[in-house]
Amino acid sequence: MKISLMKKLSLAFLLTAIVAIIAAGLISNYMIDKKFNSYLISQQKSKEDKIAAMINSLYKEKGGFISIDEEEIVRYASAEKLYIQIKDNSDKVLLTANNLPTTKSAMMHSMMGGMMKRYSENNGEYTEDKYLLKKNNKKLGIITFGYYNSSYFNSSAQSFIMTLNHSFMISFLVALAFSLIISIFFSKQISAPLIKITQTSNKMRDGELECRAQVNSKTKEISDLATSINYLADTLQKQELLRKRMTSDIAHELRTPLTNLKSHIEALLDKVWEPTDEVLEGFHEEIERLIKLVNGLNNMAKLEQAKVILNKSKFNISQELEKIINSFEPLYKNVGLNIYSKIAPNIEISLDKDKFNQVMYNLLSNALKYSKENGEVLVTLKSLEANIIIEVKDNGIGISKKDLPFIFERFYRTDESRDKNTGGSGIGLTIVKNIVEAHKGTITVSSSLGEGSTFVITFKN
Ligand code: ADP
């Protein structure tokens with residue numbers, strides 16, 4: 001059986017409060033017991049001291065007690081519920097006053113509730129204290145005081161103990177009610193946002209990716225959890241958008257060559273066209289495009305399945321970059337573009353050289369594909385502190401603000417690049433990003449539509 005967090009927390013709070021209250025009650029009761037008991041005993045002793053002093057003062061050395069004195073002693077014994085016996089040195093009993101409560105009344109005392117019991121170690125037990133009967137420091141006999149232990153509970157002592165117990169009971173109930181309220185309040189504060197977060201994630205599970213957990217909790221872990229869930233929702237929503245776009249992009253990429261092929265074959269079948277070399281060349285080109293696309297899909301799958309395996313070596317990146325730019329120069333020249341470079345000399349770095357070549361190839365091909373007439377491309381290499389920075393800047397068609405966050409996503413192509421009919425498939429930059437990040441580097445892009453783009457790669461040296 002699953003218990004709700006609120007119930008669990010409330011119970012835990014309540015249990016802790018009850019245990020704390022009971023422990024505090026028992027400890028303070030025990031301490032008070034001890035003090036109170038010794039206080040009562042000392043009271044009893046001082047009473048006896050006084051009576052013993054009085055008896056000593058009444059005692060006449062030769063003649064013992066006169067009857068009026070005896071009456072007074074008996075009165076004391078009766079007032080204090082004591083048994084008093086006075087013997088002289090020859091063990092002769094001079095006086096006996098028995099004013100102990102009857103056994104029954106002693107029993108009554110002992111039955112005055114569990115609490116009363118605790119105030120006397122030997123409740124109701126008969127106890128005797130002995131004092132010297134003396135005059136001028138001369139021992140003349142023995143005074144014995146007998147009493148039932150419980151008899152030191154006079155009525156005010158009993159009512160004091162009762163009041164104490166009542167106040168313990170009342171504070172126990174008040175603390176219990178208070179801890180119940182506090183525990184419900186706190187557990188609600190913890191569980192309410194968690195319930196909200198669960199509801200949000202359930203909605204997300206059912207496809208409502210636009211919902212967010214609106215939680216205003218002061219508990220750090222809970223607000224972190226809400227932020228994470230909302231971040232997850234953002235990511236899923238973005239992924240969902242990309243997935244939809246990617247499916248339609250792939251469909252679009254496939255449809256164009258397939259439609260072309262279909263209409264050309266129909267033209268052949270209808271004998272509108274002759275199967276000339278030119279027509280067959282056209283078929284070949286369309287099929288090539290399809291193969292390129294399928295290969296692209298395959299490459300992507302491989303890139304995503306396993307981590308990019310790097311074969312790193314230290315090389316002169318300045319020279320390597322010059323070489324790459326030189327190899328691109330004729331391609332740029334052919335379409336009337338210029339490629340320039342500003343390369344800091346002799347910079348050494350440890351990278352996977354082939355993969356680095358692929359990165360530069362993709363970036364320079366893009367700068368070429370998405371150029372404008374008489375366009376220019378500038379490649380810069382510089383070393384800044386521990387970083388090596390490569391910049392590819394073009395003044396081509398540029399990328400709009402809305403597309404910029406997505407261009408590194410697989411199969412993402414801007415409408416402008418589609419219009420240009422470059423035959424791209426939208427995975428070049430995904431591969432670039434994967435390779436750069438596998439080297440623990442970063443790639444960023446800044447661009448404005450119609451003005452050009454700048455890609456910046458930073459590697460740590
Ligand atoms: P593609 O094969 O389409 O070039 P990429 O992944 O290399 O795929 O690029 C993704 C998209 O980013 C391109 O389709 C294009 O819209 C945009 N893009 C990339 N480089 C540039 C650039 N230098 N100038 C303008 N747009 C670019």
Side-chain angles (χ1 to χ4, degrees), residues 5 190-253 293 296-310 355 359 362-363 366 399-418 424-449 453-460:
L5 182 66
I190 293 175
S191 66
L194 288 178
I195 291 170
K196 256 191 189 170
I197 294 171
T198 312
Q199 283 167 349
T200 308
S201 44
N202 283 344
K203 279 187 190 160
M204 279 164 59
R205 186 191 59 192
D206 297 338
E208 279 182 55
L209 293 178
E210 67 288 346
C211 70
R212 297 289 178 273
Q214 309 288 358
V215 166
N216 192 11
S217 172
K218 292 215 163 37
T219 313
K220 190 182 171 299
E221 286 81 358
I222 292 176
S223 91
D224 283 356
L225 180 65
T227 313
S228 299
I229 285 283
N230 289 342
Y231 183 77
L232 182 68
D234 279 346
T235 316
L236 285 176
Q237 210 176 7
K238 200 170 135 193
Q239 291 290 329
E240 180 68 6
L241 205 82
L242 279 171
R243 193 182 58 79
K244 283 186 185 149
R245 179 147 183 166
M246 187 177 112
T247 319
S248 76
D249 281 358
I250 295 177
H252 186 271
E253 296 299 325
L293 187 78
L297 281 168
N298 200 23
N299 279 347
M300 279 307 308
K302 273 195 206 144
L303 259 174
E304 277 173 7
Q305 258 167 27
K307 277 220 151 293
V308 184
I309 299 164
L310 299 175
K355 297 229 157 54
V359 166
N362 289 1
L363 290 181
N366 280 352
I399 304 161
S400 69
K401 258 209 177 80
K402 78 168 171 46
D403 288 318
L404 214 51
F406 302 109
I407 59 160
F408 292 104
E409 300 291 343
R410 56 214 147 129
F411 302 108
Y412 196 91
R413 298 182 69 203
T414 67
D415 294 336
E416 293 73 28
S417 70
R418 281 182 204 289
S425 54
I427 59 166
L429 286 181
T430 316
I431 292 172
V432 167
K433 191 164 195 257
N434 268 308
I435 293 175
V436 171
E437 286 180 352
H439 283 91
K440 308 232 176 319
T442 56
I443 178 159
T444 55
V445 58
S446 55
S447 184
S448 58
L449 198 61
S453 318
T454 308
F455 288 84
V456 181
I457 296 176
T458 309
F459 288 122
K460 291 233 173 303

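Treat the numbers as computed from the prediction; the structure is a model and nothing was measured. Any value given below was found using the heavy atoms of this structure, including those in side chains, with hydrogens, waters and symmetry copies removed.
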For M204 and L209, work out which heavy atoms get closest and say how close.
-> O-CD2, 3.9 Å
Of all heavy-atom pairs linking I222 and P193, the shortest is CG2-CB, 3.6 Å
How long is the gap from CG on N434 to CD1 on I427, to the nearest 0.5 Å?
-> 10.5 Å
Locate the shortest heavy-atom distance separating A438 from L310; write the atom from each residue and the value.
-> O-CD1, 3.4 Å
Heavy atoms of S201 and I229 approach each other most closely as CB-CD1, 4.3 Å
What are the two closest heavy atoms between S223 and S217, and how far apart are they?
-> CB-O, 3.8 Å
F408 meets the ring pair (Phe, Tyr, Trp, His ring centres under 6.0 Å) criterion, sequence neighbours left out, with none
Does anything in residues 439-449 pair up under side-chain hydrogen bond (donor to acceptor under 3.5 Å, both in side chains), and if so which pairs, sequence neighbours excluded?
-> S447-S453, S448-E451
To the nearest 0.5 angstrom, please state how far the CD1 atom of I407 sits from the OG1 atom of T414.
-> 8.5 Å
First locate atom CG of L236, then atom CD of Q239, and finally report the distance between them rounded to the nearest 0.5 Å.
-> 7.5 Å
Listed by chain and number, what are the side chain to side chain contact (heavy atoms under 4.5 Å, CB included) partners of S400, not counting sequence neighbours?
-> K402, D403, L449
Heavy-atom check, side chain of L429 versus side chain of F455, under 4.5 Å = yes
Separation of Q214 CD from N230 CG (nearest 0.5 Å) | 7.0 Å
Those residues that, when tested against K460, pass side chain to side chain donor-acceptor pair (under 3.5 Å) (two or more places apart) = N387
Residue pairs meeting salt bridge (Lys or Arg N to Asp or Glu O under 4.0 Å), one or both in residues 193-205, sequence neighbours left out, come to none
Roughly how far apart are T430 OG1 and I435 CD1, rounded to 0.5 Å?
-> 11.0 Å
Provide the full list of salt bridge (Lys or Arg N to Asp or Glu O under 4.0 Å) pairs with a residue in residues 208-223, sequence neighbours left out, each pair given once.
-> R212-D234, K220-D224
Check whether more than 12 heavy atoms from other residues, nucleotides or ligands sit under 6.0 Å from atom CG of D206, and answer yes or no.
-> yes
Please round to the nearest 0.5 Å and tell me the distance separating atom OG1 of T219 and atom CG of L225.
-> 11.5 Å
